[in-house]
Q: 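Take this structure first; my questions come after.
In what follows, chains carry the letters A, B, and so on, assigned in the order in which the sequence lines appear, proteins first and then strands, with residues in each chain numbered from 1. This structure is a prediction, so every number in the text was calculated from the model and none was measured.
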Protein chains: 2
Amino acid sequence: MNIGDAARKSGLPTKTIRYYEDRKLIAPTRRENGYRDYSIQDVHKLAFLHRARSLGFPLETCRQLLSLYEDQGRASADVKQLANGHLREIDSKIAEMKDLRDTLHALVKACHGDQRPDCPILNGLSGTERDE
Amino acid sequence: MNIGDAARKSGLPTKTIRYYEDRKLIAPTRRENGYRDYSIQDVHKLAFLHRARSLGFPLETCRQLLSLYEDQGRASADVKQLANGHLREIDSKIAEMKDLRDTLHALVKACHGDQRPDCPILNGLSGTERDE
DNA sequence: GTTACGCCTTCCAGTTACTGGAAGGTCAAG
DNA sequence: CTTGACCTTCCAGTAACTGGAAGGCGTAAC
């Protein structure tokens, strides 16, 4: 099938599909006219990539997951290890963002937000507070 | 002072400082030998940018914050509005990441992680589960 | 004087994962 | 034969840096 149909079935834009091919994640056959020709298996792989990416796995991790996906003799332990590594990264990112959110929230809360120029947010950012 | 000293005092790498100059966020004077010359005010601005960036404000928002920072007649309401917009974005990003984390966590938990090839994580990613 | 070292300069390229657009070929319908 | 929807490749841009190369400047030791 043509790239447009593969796009509709996998949920990925055609641009992205071509990009994945460039990055050697997928290699569809070509017709005589030069058009890419996607098999059902190709579409499954694209949909797999789509889901893995939407879970935030980096492309290189997606590449590893995809090769495990295609390896009938894989050990689920290998997959779990990749997923666990990613999970830990997500957790630390969430923690980092929460910290950041709390800091910003405290500044916003302290700001009266009126026509006067005095502003705890800017004071906080300028480092003129005692605790920084 | 030289860029190296400005870097040490502001906490930003010299590369980043030059980048900010390229993006017109700061404009130090130049000495006769071509070296950049940073004033105390410049260093304050760099430290301000450093803090604003570490709170996750995009550079363009930093630019606006910086101009408010320098505007003695600003209204704190304007600052608060910028900060609030950013806060909302952080909140939605955190919520998004939590969702993602929970989905991934569920997959990881369901995976026995041994030498067998059967793997709920890959099943989840391939979309062969009934609820996807 | 020159050598060494650490600073400084500019410019170019790479990172992540796409996304947009231009220029042009293909195909089916009317 | 033209229109419109496809498809192709290639180039450039995004955010915010980061690394490296090639070369100039400043100072101190030998």
Side-chain angles (χ1 to χ4, degrees), chain A residues 1-38 42-43 45-66 85-86 89-90 93 96-97 100, chain B residues 1-38 42-43 45-66 85-86 89-90 93 96-97 100:
Chain A
M1 86 190 68
N2 279 349
I3 196 170
D5 291 324
R8 273 179 286 278
K9 294 202 183 184
S10 67
L12 289 171
T14 58
K15 279 281 192 187
T16 301
I17 295 177
R18 290 196 195 93
Y19 174 72
Y20 286 172
E21 180 175 348
D22 188 58
R23 302 305 312 282
K24 314 257 188 251
L25 285 162
I26 191 164
T29 56
R30 296 285 181 139
R31 293 175 205 263
E32 293 199 350
N33 62 10
Y35 285 21
R36 290 167 178 84
D37 192 5
Y38 294 87
D42 287 333
V43 172
K45 283 165 72 171
L46 289 172
F48 181 94
L49 288 170
H50 185 36
R51 290 201 181 79
R53 283 292 300 136
S54 75
L55 282 182
F57 286 99
L59 260 200
E60 285 312 306
T61 308
C62 289
R63 186 194 303 284
Q64 298 176 285
L65 286 170
L66 196 57
H86 185 46
E89 276 187 21
I90 291 173
K93 257 184 208 161
E96 201 180 322
M97 292 196 72
L100 191 152
Chain B
M1 85 190 68
N2 279 348
I3 195 170
D5 291 323
R8 273 179 285 278
K9 294 201 183 184
S10 67
L12 289 171
T14 58
K15 279 279 191 189
T16 302
I17 295 176
R18 290 196 195 93
Y19 173 72
Y20 287 172
E21 179 175 348
D22 189 58
R23 304 303 313 281
K24 313 260 188 252
L25 285 162
I26 191 163
T29 57
R30 297 281 182 140
R31 291 175 207 261
E32 294 198 350
N33 61 9
Y35 285 19
R36 290 169 178 82
D37 193 4
Y38 294 87
D42 287 332
V43 172
K45 284 165 71 171
L46 289 171
F48 181 95
L49 287 170
H50 185 36
R51 291 200 182 79
R53 283 292 299 135
S54 73
L55 283 182
F57 286 99
L59 260 200
E60 285 311 305
T61 308
C62 289
R63 187 196 302 284
Q64 297 176 285
L65 286 170
L66 195 57
H86 185 48
E89 276 188 22
I90 291 172
K93 258 184 206 160
E96 201 181 321
M97 293 195 71
L100 190 153

Q: Look at T14(A) and dC7(D) and indicate whether a side-chain polar atom (N or O) is within less than 4.0 Å of OP1 or OP2.
A: no
Q: Side chain of N2(B), heavy atoms from C-beta onward: which of dC7(D), dC7(C), dC17(D) has the nearest atom to it?
A: dC7(C)
Q: Ignoring hydrogens and angles, tell me if any N or O in the side chain of H86(B) forms a donor-acceptor pair with the backbone of T61(B) under 3.5 Å.
A: no
Q: Which of the following nucleotides, dT19(C), dC17(D), dA16(D), is nearest to the side chain of T16(A)?
A: dT19(C)
Q: Are any of R23(B)'s side-chain N or O atoms less than 4.0 Å away from OP1 or OP2 of dA16(D)?
A: no
Q: Let me know, please, whether E60(B) or N33(A) comes out on the 5' side of the other along DNA chain D by nearest nucleotide.
A: N33(A)
Q: Kindly say if R53(B) contacts the phosphate of dC17(D), meaning a side-chain N or O under 4.0 Å from OP1 or OP2.
A: yes
Q: Taking the minimum atom-to-atom distance to the side chain of L59(B), which one of dC17(D), dT8(D), dT10(C) wins?
A: dC17(D)
Q: Mind calculating the distance between CE (M1(A)) and C1' (dA5(D)) to the nearest angstrom?
A: 19 Å
Q: What does Y20(A) touch in the nucleic acid at a heavy-atom separation under 4.0 angstrom: a base, only the sugar-phosphate, or nothing?
A: sugar-phosphate
Q: Does the side chain of Y35(B) get closer than 4.0 angstrom to OP1 or OP2 of dG24(D) through an N or O atom?
A: no
Q: Whole-Å distance between dC7(C) P and Y38(B) OH?
A: 16 Å
Q: Keeping the roles fixed (side chain from T14(B), backbone from G4(B)), state whether a donor-acceptor pair exists under 3.5 Å.
A: no
Q: Expressed in angstrom and rounded to an integer, what is the separation of I17(A) atom CD1 from dT9(D) atom C1'?
A: 17 Å
Q: Could you tell me whether the phosphate oxygens of dC7(C), OP1 or OP2, come under 4.0 Å of any side-chain nitrogen or oxygen in R8(B)?
A: no
Q: Over how many whole Å does the gap from Y19(B) atom OH to dG14(C) atom C1' extend?
A: 14 Å
Q: Between D37(A) and M1(A) (side chain of the first, backbone of the second, donor and acceptor by atom type, cut-off under 3.5 Å), is there such a pair?
A: yes
Q: Between R63(A) and E60(A), is there a side-chain N and carboxylate O pair less than 4.0 Å apart?
A: yes
Q: Under 4.0 Å between a side-chain N or O of R30(A) and OP1 or OP2 of dT9(D)?
A: yes
Q: From C-beta outward on K15(A), which listed nucleotide comes closest to its side chain: dT18(D), dC10(D), dT9(C)?
A: dC10(D)
